[in-house]
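Only heavy atoms go into these numbers, but all of them, side chains included; no hydrogens, no water, no symmetry mates. Letters go in sequence order (proteins before strands), and every chain restarts at 1.
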Amino acid sequence: MEDSNQIIAQRRQKAGELAKEGITLYANDFKPGHRIIDLLPADDFDHDTPLSAGTMSVAGRIMALRRFGKAAFLHLQDGTGRIQVHVKRDEVGDAAYAIFKKLDIGDIAAFTGPLFRTKTGEVTIQALSLKLLTKSLLPLPEKFHGLTDIETRYRRRYVDLMVNPEVRDTFRKRVEIIRLVRDFLTNRGFLEVETPMMQPIAGGATAKPFKTHHNALGMDLYLRIAPELYLKRLLVGGFERVFEINRNFRNEGLSTRHNPEFTMLEFYQAYATHEDMMELTEEMISWVAMEVCGTMQISYQGREVDLAPPWRRYTMDEALEKVGGLSRELLSDFAALKKLALSKGVELQPQAGIGKVKTELFELLVEERLIDPTFITAYPTEVSPLARRNADNPEITDRFELFVTGREIANAFSELNDPDDQRQRLEKQIAERGADEEVFPELDDDFLRALEYGMPPAAGEGIGIDRLVMLLTDAPSIRDVILFPHLRPEKK
RNA sequence: GGGUCGUUAACUCAGUCGGUAGAGUAUCUGCCUUUUAAGCAGAGAGUCGUUGGUUCGAAUCCAACACGACCCA
């Protein structure tokens, strides 16, 4: 379809003419001597700093072009920035100018020459020579509105990155955030490890897995829904502080907050409790925000969010009471709670207990109203199959979830390390699921065996990296922080 | 899975009551050696998402489908 387009035909024709004249369309024998950012003054409005003397050489993509017959201005963009180049026939010579006339917006080219300031003060390279490095055959989006069509931006992320600087910024920040998290944990003695992405049993969370098959072994495997059970095996093995930043895969619906593959940080610390994890989380996220955003008071989608610790802490009951507006009496009245949940349209399995009902009501009434960071603690044991029971009240666990801007960012708990309790709770969970599940949940016997060897008391936490990046880059959709979000195939 | 909205030139968008398609940018030609959404003059560029239906006639009305966005589960 695109081959028949006039603009593309013209570009191919120009490329053909250049090739016929002996110009290499895809040369790879030029090494730029300078990065564009290093040629520009630190402050755009500083018109007094002397410019570096001598001949500069840069390479990049032509993003804008204004021709005047025997001269032209263009903007060249490399990985560091954008600089104006002035090309004059009298300076580059007739032969080079003839080649230059066949260059287009989108071409990658090299220019060498000294710096000067135009009469409006813009630092500009006066080209003395130029070289085509890569001919571009497809036109770039319009200069003023750019590329805004969301579908095209995701499908052709390379064009999005080329023309939308704020998109480049977001993904640079993403890399920075991950690096900072890694540094933070490494500096506290955590060991970064890699555990299986393909697992014989998809454990460690409640989610539908992707299924795949190993031909040589003749066995089905699942893409992991969580690394949790493997990281805990490492605690058993004696690594007392471990973390992993890697992909999880969940075979469920897509939304502005869900991509089938997403990046998860999980970390585990021996001899720590969920209380320690709360402190660590406050420290880590507020520090990362400070490093990346320069402040702990950030704005997300028009709402002010204060990330400065300490953060609010509510038990689930407190949150239901203070934020959800439920009375204390109601919270201990299972029948009434259940009736309320059903009246709100919550679907409950027959075996759902009070803990499950409270959790459903929490998601419905409280979650989206937690804008500033809030730890919700004392999760019911019923919905926390891997968490340690509270010493004073076995119906709740030593667990918290962290909510910011109405979204779950982290989930952590003191780990259950009693192998018999763990076995019972997993068996119960499996018994309650099952029938309607596409993938029948299985008991991970090896994990339980590991616990029988003895896992040190520990706390662990998972943080959704994509959601953290969304928060710190003010991105409304998870697709804005994943370079190549999942889309259906493009129709021919 | 359900609902709502969208899909028109390479890009960003108009298109009235149903009468065979418009603008800006980009491209091409000419002029133009400090412009920056350069300017002036001219030109070319379209399977109106797809397939059916209604109609003398469909970008426009109807249906199904595809892809996307948002909301809900």
Could you give the [atom1]-to-[atom2] distance, from [X] to [N], as a whole number of Å?
{"X": "A:Glu91", "N": "B:rU35", "atom1": "CD", "atom2": "C1'", "value": "16 Å"}
{"X": "A:Phe144", "N": "B:rA26", "atom1": "CZ", "atom2": "P", "value": "12 Å"}
{"X": "A:Met162", "N": "B:rA10", "atom1": "CE", "atom2": "P", "value": "18 Å"}
{"X": "A:Arg89", "N": "B:rC32", "atom1": "CZ", "atom2": "C1'", "value": "12 Å"}
{"X": "A:His86", "N": "B:rC32", "atom1": "NE2", "atom2": "C1'", "value": "12 Å"}

Contiguous Watson-Crick or G-U pair runs (3 or more, under 3.5 Å) in RNA chain B: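 If one scans RNA chain B for consecutive Watson-Crick or G-U pairs, the stems found are B:1-7 with B:66-72, B:10-13 with B:22-25, B:27-31 with B:39-43, B:49-53 with B:61-65.
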Parallel, tilted or perpendicular, judged at 30° and 60°: which one describes the rings of A:His86 and A:Phe73?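 Parallel: the ring planes of A:His86 and A:Phe73 meet at under 30°.
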Checking side chain to side chain contact (heavy atoms under 4.5 Å, CB included) against A:Thr152, which of A:Asp160, A:Leu147, A:Val159 comes through?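 The passing option is A:Leu147.
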Whether the A:Arg250 and A:Asn259 side chains hold a donor-acceptor pair (N or O, under 3.5 Å, no angle test) is what I'd like checked.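 Side-chain D/A pair, A:Arg250 to A:Asn259: absent.
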Compare the minimum distances between each of B:rU12, B:rA69, B:rC67 and the side chain of A:Arg488, then state the nucleotide with the smallest one.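 Nearest to the side-chain atoms of A:Arg488, counting from C-beta on, is B:rC67.
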In whole Å, what separates the [atom1] atom of [N] from that of [M]?
{"N": "B:rC62", "M": "B:rU55", "atom1": "C1'", "result": "12 Å"}
{"N": "B:rG6", "M": "B:rU16", "atom1": "P", "result": "13 Å"}
{"N": "B:rC31", "M": "B:rU47", "atom1": "C1'", "result": "38 Å"}
{"N": "B:rG2", "M": "B:rG46", "atom1": "C1'", "result": "36 Å"}
{"N": "B:rA59", "M": "B:rG19", "atom1": "C1'", "result": "13 Å"}
{"N": "B:rU29", "M": "B:rC67", "atom1": "C1'", "result": "39 Å"}

Among A:Lys101, A:Arg89, A:Lys88, which one satisfies salt bridge (charged side-chain N to carboxylate O under 4.0 Å, His left out) with A:Asp94?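 Passing option: A:Arg89.
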Kindly confirm whether the side-chain ring of A:Phe68 is stacked on the base of B:rC32, judged by centres under 5.5 Å and planes under 30°.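 No; by the centre-distance and plane-angle rule, A:Phe68 does not count as stacking on B:rC32.
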Would you say the side chain of A:Thr118 and the base of B:rU35 hold a donor-acceptor pair, judged only by whether the two atoms sit under 3.5 Å apart?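 Side chain to base: pair found, below 3.5 Å.
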On the side chain of A:Gln84, is there an atom forming a donor-acceptor pair with the base of B:rU35 - under 3.5 Å, no angle test?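 Pair found.
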For a quick check of understanding: with a heavy-atom distance under 4.0 Å over all strands, which category does A:Arg66 fall into, base, sugar-phosphate or nothing?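 Base contact.
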Counting N and O atoms only, with roles assigned by atom type, does the side chain of A:Asp107 sit under 3.5 Å from a partner on the main chain of A:Ser136, one being a donor and the other an acceptor?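 Such a contact is found between A:Asp107 side chain and A:Ser136 backbone.
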Does the pair A:Glu318/A:Arg313 count as a salt bridge with the N-to-O cut at 4.0 Å?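 Salt bridge absent between A:Glu318 and A:Arg313.
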Strictly below 4.0 Å, N to O, side chains only: are A:Arg153 and A:Glu151 in salt-bridge contact?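 No, no charged N to carboxylate O under 4.0 Å.
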